[in-house]
K.L.:
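First, the structure itself, so that you have it in front of you.
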Amino acid sequence: MTDLFQENQVNQSEMPFALVEGEPLTVIPQDLYIPPDALQVFLEAFEGPLDLLLYLIKRQNLDILNIPVAIITKQYMDYIQLMDQLALELAAEYLVMASMLAEIKSRMLLPRPVGEDDEDDPRAELIRRLQEYEQFKKAAEDLDALPREEREVFFTQAELPDIKEEVPVVEVTINDLLMAFRDVVNRAEQFASHHIERETLSVRERMSIVLGKLKSDDYTEFKDFFNVEEGRMGVVVSFLAILELIKESMIDLVQNEPYAPIYVKARG
Amino acid sequence: MELQTLKPIIEALLSSADGPLTVNHLYDLFTGDLDQPGKDDIRKVLHELVDEYQGKGMQIKQVASGFRLQVNPEYSTWITRLFQQKPPRYSRALLETLALIAYRQPVTRGEIEAIRGVSVSSNIIKTLQEREWVKTLGHKDVPGRPSLYGTTNEFLDYFNLKSLNELPTLSELKDLDQFHPELALNDDDIAVTADEPAADKEGDTETAQQQPDGIDQAAS
Amino acid sequence: MELQTLKPIIEALLSSADGPLTVNHLYDLFTGDLDQPGKDDIRKVLHELVDEYQGKGMQIKQVASGFRLQVNPEYSTWITRLFQQKPPRYSRALLETLALIAYRQPVTRGEIEAIRGVSVSSNIIKTLQEREWVKTLGHKDVPGRPSLYGTTNEFLDYFNLKSLNELPTLSELKDLDQFHPELALNDDDIAVTADEPAADKEGDTETAQQQPDGIDQAAS
C-alpha cells in the first residue's frame, strides 16, 4: 500500500505535474490515500472509469484540458491493481479505459515532428469524453436538485363536497347495431363454409319467447304458447317455433296418454 | 415565529393533510423549530385563515376533528362535471355479437363465433347480460350443453322496437347502403323501413316473407 | 361570465382535480352554461391566480400537462414532518441516465453508454419507463434497430417543469483551444501545440447540441 505512491513521488519530485494558483505542485496531496477496507465502498461510489478518472483529476486540482497522462495513468493503474488484489469484481469498462490510457501514454512518448500540424493530441479523445461525462454528471446533480414530487412538491387535498357520481351508460344507436350486423354478414359471406339456415325472424323470435317462458324442470302446457288474438299467422309462427325447438333439441314435448294435455319442457 | 411567517406554513399543512388537523397536531409539527409558535398563535392564524378564504373556491373550515381545507360546496355543479366520466363506447365485437344474437336467436356462442370467424370473449357476453339486453334462454342439447342466448324486452325497449320484426332485413340494409351511400343509414330510414304494425296480419306475412331472403343472403 | 365569478370556480376545480388541468379541459367543464367563458378568460384567470397565490401556503403552477394547485415547496420541511416518510432517493446511475435522455433525446441506450463509459442496466431503463418518465419514441435505423428514448410530460410534471426549456442549462464544454501551451511545454510528457483542428470540431458540435433549440426540437 505504501509503495503505491512512493514511486510516484520519486518521479514527481523531478518535475511539477500541476500548477496550482501559478505554483508548481510536486507532491501528491495526502488525502488521495484511501485505506484498503474503505476501498470497496470507495469504488462503488464511482459510476465507471470516467468518473474515477474525473475524481483523480479533481483531487489534484488539475485542469481537465491538461491531463498529465503519465501521472493519471499510473494512479489509475494502481487502483485497478488494488481492485484486482482485493478480488473485487472489475467491470470490463475499467480495463478498457486502462488500455486506452496506456495507449495514449505511449503515443505521447513518441517524438513528433516539430512545425508540422499535429494530427491529434493523443489525449484529445479522452479529454472530450471526460468533459462530456462531467457535463452530464453535473446535469444529473442539477436534476436531482430540482424541486420534485414526493420531496418538495406536494399536492393539495381539499375535502370534496358531496357530489352525485353518475355512472354513464354506453349509448348505442340502432344504426350502430345494424351496421355491425351488415358488416358481420358481409364478412361471413366470404367464408363459404358457413351456412346460415333459411329461417324467418318471426319464428326465431317466437323461439326465444317460447324458451323464455320455460323454466327448467317446469312443464308448461302446449296450448299456453298460442294466443288466439294473434290470429292464424301468430298461431302458425308459434307452432313453427316449437317444432324448430324440438328439432334443435332444445325442448321436449310430453304427453302421458292419448288426448291428455301436451306439456312442453326445456331440455336440461 | 411571526404570525405572518406562520400563516403560509399552516396553510400548506392544511392543504396537504388528508384529514382535519387539530391545534395540538399542528403545534407538534413545529417541535424542534427554534421559534416554535404557541398554541394560541396557531389558533389565531387558523381563525384568520377561516375568514380569509370566504368567497373563494376553497374554504378553511373547523369541523369536529379539527381544521381542514375543503372545496366550497357552492361550486359542486362544476366539480360534479369534473368527475363525470365520458361514456365509453362499445366495441365492434360487442355490437356484432349483439346483432347476431338479435337476428339469429336462440343462438349459442359457438354459432356466433362460427359466423364472426373469431372467438367471442366472455366479457362481451357478460356486458350484454349486465346491460340486460341478452339473456340465457336455455341450453342446447349438444356436447358441452352451451347456453342459448336471446334478446330481452329491455333490448327492444332500448332500441325503441315493438318487436324484432321491426329490425330491417339484411337486403334492406344493403339496399339502403347501395342507393343512399351518403345517407349511410340514419334513424329516419330505419323508421320508415320498420314501420310495420305488428298486429297487422298482412304486414306480418310480408315481413315473414322478406326475412328469409335477407338472412339467406347472409349465408350464401 | 364575469371574471370575478369565474375565478372561485376555477379555484374550486383546481383544488379538487387529481392532476393538472388544461385550459381546454376547464373550458369544456363550462359547456352548457348560459354564459360559458371563453378560453382567453380562463387563461387570464389562471394567470391571475398564479400571481395571487405568490407567498401563500399553496401555489398555482403551470407544468407540462396543465395547471395544478400544489403546496408551496418552500414549506416542504413541515409537510415532510406531517407525512413522516422519507422521500425516495434515486441512484446516480439512474439520474445520469435520465439526464442524458432529457438533454440528448431522442437517444439510444448505446449512446448513453458511450457517454457514461459504463453499461446502462436494463433495470434502470425499466424503472424509468415504469415511472412513465421515459418512453420509446421510435427506433434508430441502424443495425439492431435500437430504441430511441425520450422524456414524457409526466417527467416534466414530476420535476415541476413546464417544458424541457426549463431544465437547468448544461455546463459549457471547454474547447481544447484553451490549452495552456506554456504548461504543456513544461510537462515533458507532452509535446503539443495549441491548435487542435479535430478537437475543435468536436467542441463545436457539443455547443450546438447544448442550445435550447435543440432540446425543443427533441421534445416536440
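Chain letters run A, B, ... following the sequence lines, proteins first and then strands; every chain starts at 1.
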K.L.:
I need the minimum non-hydrogen distance between C:Tyr103 and A:Ala139, along with the two atoms involved.
P.N.:
CE1-CB, 3.8 Å
K.L.:
Regarding A:Glu134 and C:Arg116, does a basic nitrogen lie under 4.0 Å from an acidic carboxylate oxygen?
P.N.:
no
K.L.:
To the nearest 0.5 Å, how far apart are CD1 in C:Ile115 and CG in A:Leu50?
P.N.:
10.5 Å
K.L.:
Side chain, backbone, both or neither: which part of C:Leu161 has a non-hydrogen atom closer than 4.5 Å to chain A?
P.N.:
side chain
K.L.:
With rounding to the nearest 0.5 angstrom, report the CD to OG1 distance, A:Glu152 to C:Thr80.
P.N.:
8.0 Å
K.L.:
For residues 17-25 of chain C, which side-chain donor-acceptor pairs fall under 3.5 Å, sequence neighbours excluded?
P.N.:
residue: C:Thr22; atom: OG1; partner: C:His25; partner atom: N; Å: 3.0
residue: C:Asn24; atom: OD1; partner: C:Lys39; partner atom: NZ; Å: 2.9

K.L.:
Hey, does A:Phe155 have a side-chain heavy atom less than 4.5 Å from the side chain of C:Val71?
P.N.:
no
K.L.:
Which answer fits C:Thr97, side chain, backbone, both or neither, if we ask what part of it has an atom under 4.5 Å from a heavy atom of chain A?
P.N.:
neither
K.L.:
Has the side chain of A:Glu149 got a donor or acceptor atom that lies under 3.5 Å from a matching backbone atom of C:Phe159?
P.N.:
no
K.L.:
Using non-hydrogen atoms and a limit below 4.5 Å, what part of residues 50-62 of chain C faces chain A?
P.N.:
C:Met58
K.L.:
Is it the backbone or the side chain of C:Ala12 that comes under 4.5 Å from a heavy atom of chain A, or both, or neither?
P.N.:
neither
K.L.:
State the CG-CD distance between C:Leu95 and A:Glu47, to the nearest 0.5 angstrom.
P.N.:
9.5 Å
K.L.:
Short question: side chain of A:Gln135, backbone of C:Ser171 - any donor-acceptor pair under 3.5 Å?
P.N.:
yes
K.L.:
When rounded to the nearest 0.5 angstrom, what distance separates CD in C:Glu172 from CD in A:Gln131?
P.N.:
11.0 Å
K.L.:
Looking only at heavy atoms, what is the nearest atom pair of C:Val118 and A:Pro49, with distance?
P.N.:
CG1-CD, 3.8 Å
K.L.:
When rounded to the nearest 0.5 angstrom, what distance separates OG1 in C:Thr169 from CG in A:Asp142?
P.N.:
8.0 Å
K.L.:
If a pair satisfies salt bridge (Lys or Arg N to Asp or Glu O under 4.0 Å) and one of its residues is in residues 152-161 of chain C, list it, with sequence neighbours excluded.
P.N.:
none
K.L.:
Check each atom of C:Pro168 against the heavy atoms of chain A and say whether the ones under 4.5 Å are side chain, backbone, both or neither.
P.N.:
side chain
K.L.:
Indicate yes or no: does C:Arg92 engage A:Asp144 in a salt bridge with an N to O separation below 4.0 Å.
P.N.:
no
K.L.:
Is the closest side-chain heavy-atom distance between C:Tyr90 and A:Arg148 below 4.5 Å?
P.N.:
yes
K.L.:
Below 4.5 Å, heavy atoms only, C-beta onward: do C:Ser119 and A:Glu93 meet side chain to side chain?
P.N.:
yes
K.L.:
Side chain, backbone, both or neither: which part of A:Leu143 has an atom under 4.5 Å from a heavy atom of chain C?
P.N.:
both
K.L.:
Less than 4.5 Å to any heavy atom of chain C: does that hold for the side chain of A:Glu141, its backbone, both, or neither?
P.N.:
neither
K.L.:
First locate atom CG of C:Leu69, then atom CD of A:Gln157, and finally report the distance between them rounded to the nearest 0.5 Å.
P.N.:
11.5 Å
K.L.:
Applying ring-ring contact (aromatic ring centres under 6.0 Å, His included), can you list everything that pairs with A:Phe154, at least two apart in sequence or on another chain?
P.N.:
C:Phe83
K.L.:
Nearest heavy-atom pair of A:Val153 and C:Arg68: which atoms, and what distance?
P.N.:
CG1-NH2, 3.7 Å
K.L.:
Do you see a donor-acceptor pair shorter than 3.5 Å between the side chains of C:Tyr158 and A:Glu150?
P.N.:
yes
K.L.:
What is the minimum heavy-atom distance between A:Thr156 and C:Ser15, and which atoms define it?
P.N.:
OG1-O, 4.5 Å
